Engineer: 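Dropping the structure in here first, questions after.
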Amino acid sequence: MAFLRLPITAPPSSPVSLPSFATPIQNSTKFTNWVRSKSFNFVLSGALTLGLSFSGFGVAEAKVGVNKPELLPKEFSPVIDVGGFLSDGQEKRLAQEIADIENDTGFKLRVLAQNYPETPGLAIKDFWQVDDRTIVFVADPTFGNILNFNVGATVDLDIPRSFWSRLAGKYGNIFYWKEKGEDASIEAAVMAISNCLREPVGPNNCSEVK
């Protein structure tokens, strides 16, 4: 998985492991073994590690991992809103859009809206059966920018990494969601991801955040 997160960092001593399919993203062509081994579990636990700002990627302080399966819904849903940002109608619309994305493209988008540390954390990995074709979108305003992404290796091959930075910059910045609401940021991001995934793969795909 490749994790993009707006600036927060993680110390190398954090005792977290990474599934073998994960591939983190950094601002350099050199991706360190430490980053490879840490990033995925941090985002699932709400400890959002790697950062992506308008000027580039960074590494920042990680929080203690969280695993609260009791916060998961009783039935499967691609949208989990423990932060209370979305109305029932919005959740249904997003779930339908996500189902359409999966049917049309084969990619799995999963949305977790949370306020750390109130999060199911690592429990969502098994609940959603996260794999190489999964995009885990964590909406959490705790650290300023609300948009955080964990991107499967297969997705990473088709979608330019710059797309996620532009998406976070446009709809995740604190000025946007403070003015329009967390729900507006989440809905706009889902639609932008949907548009991107439907574009033909090529040198210019996903060049604009729509």
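Just so you know, these numbers come straight off a predicted model, no measurement behind them.
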Engineer: If hydrophobic clusters are built from ILVMFWY residues whose side chains come within less than 4.5 Å, do F175 and L167 share one?
Structural biologist: yes

Engineer: Test S207 against N204 for side chain to side chain donor-acceptor pair (under 3.5 Å), laying out the working first.
Structural biologist: CA-CA 6 Å; S207 58; N204 297 315; 5.7 Å; no

Engineer: List the atom of Y171, the atom of A189, and the distance in Å for their closest heavy-atom pair.
Structural biologist: CD1-N, 4.3 Å

Engineer: Would you list the pairs meeting disulfide bond (SG atoms under 2.5 Å apart) in which at least one residue belongs to residues 129-210, sequence neighbours left out?
Structural biologist: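 Those involving residues 129-210 are C196-C206.
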
Engineer: So, using side chain to side chain contact (heavy atoms under 4.5 Å, CB included) as the criterion, who are the partners of F76 when residues are at least two apart?
Structural biologist: P78, R110, F127, W128

Engineer: For S87, which residues count as a side-chain hydrogen bond (donor to acceptor under 3.5 Å, both in side chains) partner, sequence neighbours excluded?
Structural biologist: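 Per chain and number, S87 pairs via side-chain hydrogen bond (donor to acceptor under 3.5 Å, both in side chains) with Q90.
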
Engineer: Residues in side chain to side chain contact (heavy atoms under 4.5 Å, CB included) with N195, at least two apart?
Structural biologist: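 Partners of N195 by the side chain to side chain contact (heavy atoms under 4.5 Å, CB included) criterion, ordered by chain and then number, come out as K210.
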
Engineer: Does S162 form a side chain to side chain donor-acceptor pair (under 3.5 Å) with R166? I'd like the steps, not just the answer.
Structural biologist: CA-CA 6 Å; S162 60; R166 286 182 277 107; 3.3 Å; yes

Engineer: Kindly check if the number of other-residue, nucleotide or ligand heavy atoms within 6.0 Å of CG (D88) is above 12?
Structural biologist: no

Engineer: Identify the two heavy atoms, one from K108 and one from D131, that lie closest to each other, and give their separation to 0.1 Å.
Structural biologist: NZ-OD2, 3.2 Å

Engineer: Under the side chain to side chain contact (heavy atoms under 4.5 Å, CB included) test, which residues partner K180, sequence neighbours left out?
Structural biologist: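 Side chain to side chain contact (heavy atoms under 4.5 Å, CB included) check on K180 returns Y176, A184.
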
Engineer: Are the side chain of N205 and the backbone N or O of D158 linked by a donor-acceptor pair below 3.5 Å?
Structural biologist: yes

Engineer: Suppose the criterion is ring pair (Phe, Tyr, Trp, His ring centres under 6.0 Å): which pairs have a residue in residues 178-203, not counting sequence neighbours?
Structural biologist: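 For residues 178-203, and leaving out neighbouring residues, there are no ring pair (Phe, Tyr, Trp, His ring centres under 6.0 Å) pairs at all.
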
Engineer: I need the full list of disulfide bond (SG atoms under 2.5 Å apart) pairs touching residues 127-176, with sequence neighbours left out, sorted by first then second residue.
Structural biologist: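 Listed once each, the pairs would be none.
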
Engineer: Kindly give the heavy-atom pair with the smallest separation between L112 and I124, and that separation in Å.
Structural biologist: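 Where L112 meets I124 most closely, the heavy atoms are CD2-CD1, 3.9 Å.
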
Engineer: Sequence neighbours left out, what pairs pass disulfide bond (SG atoms under 2.5 Å apart) with at least one residue falling in residues 139-171?
Structural biologist: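 Counting only pairs at least two positions apart or across chains, no disulfide bond (SG atoms under 2.5 Å apart) contact touches residues 139-171.
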
Engineer: Which heavy-atom pair separates N148 from D140 by the least distance, and what is that distance?
Structural biologist: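 Shortest heavy-atom contact: ND2-N, 3.7 Å.
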
Engineer: Is T119 close to K68 at the side-chain level, that is, under 4.5 Å between some pair of heavy atoms?
Structural biologist: no

Engineer: If Ile, Leu, Val, Met, Phe, Trp and Tyr residues are connected whenever their side-chain heavy atoms lie under 4.5 Å apart, and connections chain through other members, are L71 and V136 in the same group?
Structural biologist: yes

Engineer: Looking at residues at least two apart in the chain, or sitting in another chain, which of them share a ring-ring contact (aromatic ring centres under 6.0 Å, His included) with F85?
Structural biologist: none

Engineer: A113 and I186: which non-hydrogen atoms are nearest, and at how many Å?
Structural biologist: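 Nearest heavy atoms, A113 then I186: CB-CD1, 4.1 Å.
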
Engineer: Among the clusters formed by ILVMFWY side chains lying less than 4.5 Å apart, do W164 and V201 turn up in the same one?
Structural biologist: no

Engineer: Side chains of N145 and L147: closer than 4.5 Å at any heavy-atom pair?
Structural biologist: yes

Engineer: Could you list the residues that satisfy side chain to side chain contact (heavy atoms under 4.5 Å, CB included) with R198, not counting sequence neighbours?
Structural biologist: E97, D100, I101, D104, T105, S194

Engineer: Enumerate the residue pairs fulfilling disulfide bond (SG atoms under 2.5 Å apart) with a member in residues 73-160, sequence neighbours excluded, ordered by first and then second residue.
Structural biologist: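 Listed once each, the pairs would be none.
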
Engineer: Among the clusters formed by ILVMFWY side chains lying less than 4.5 Å apart, do V155 and M191 turn up in the same one?
Structural biologist: no

Engineer: What verdict does the side chain to side chain contact (heavy atoms under 4.5 Å, CB included) test give for I135 and N150, after you've listed the backbone C-alpha separation in whole Å, the side-chain angles of each residue and the deciding distance to 0.1 Å?
Structural biologist: CA-CA 6 Å; I135 302 161; N150 196 303; over 6 Å; no

Engineer: Which heavy atom of I146 sits nearest a heavy atom of P141, and at what distance?
Structural biologist: CG1-N, 3.8 Å

Engineer: With sequence neighbours excluded, tell me which residues meet ring-ring contact (aromatic ring centres under 6.0 Å, His included) with F107.
Structural biologist: none

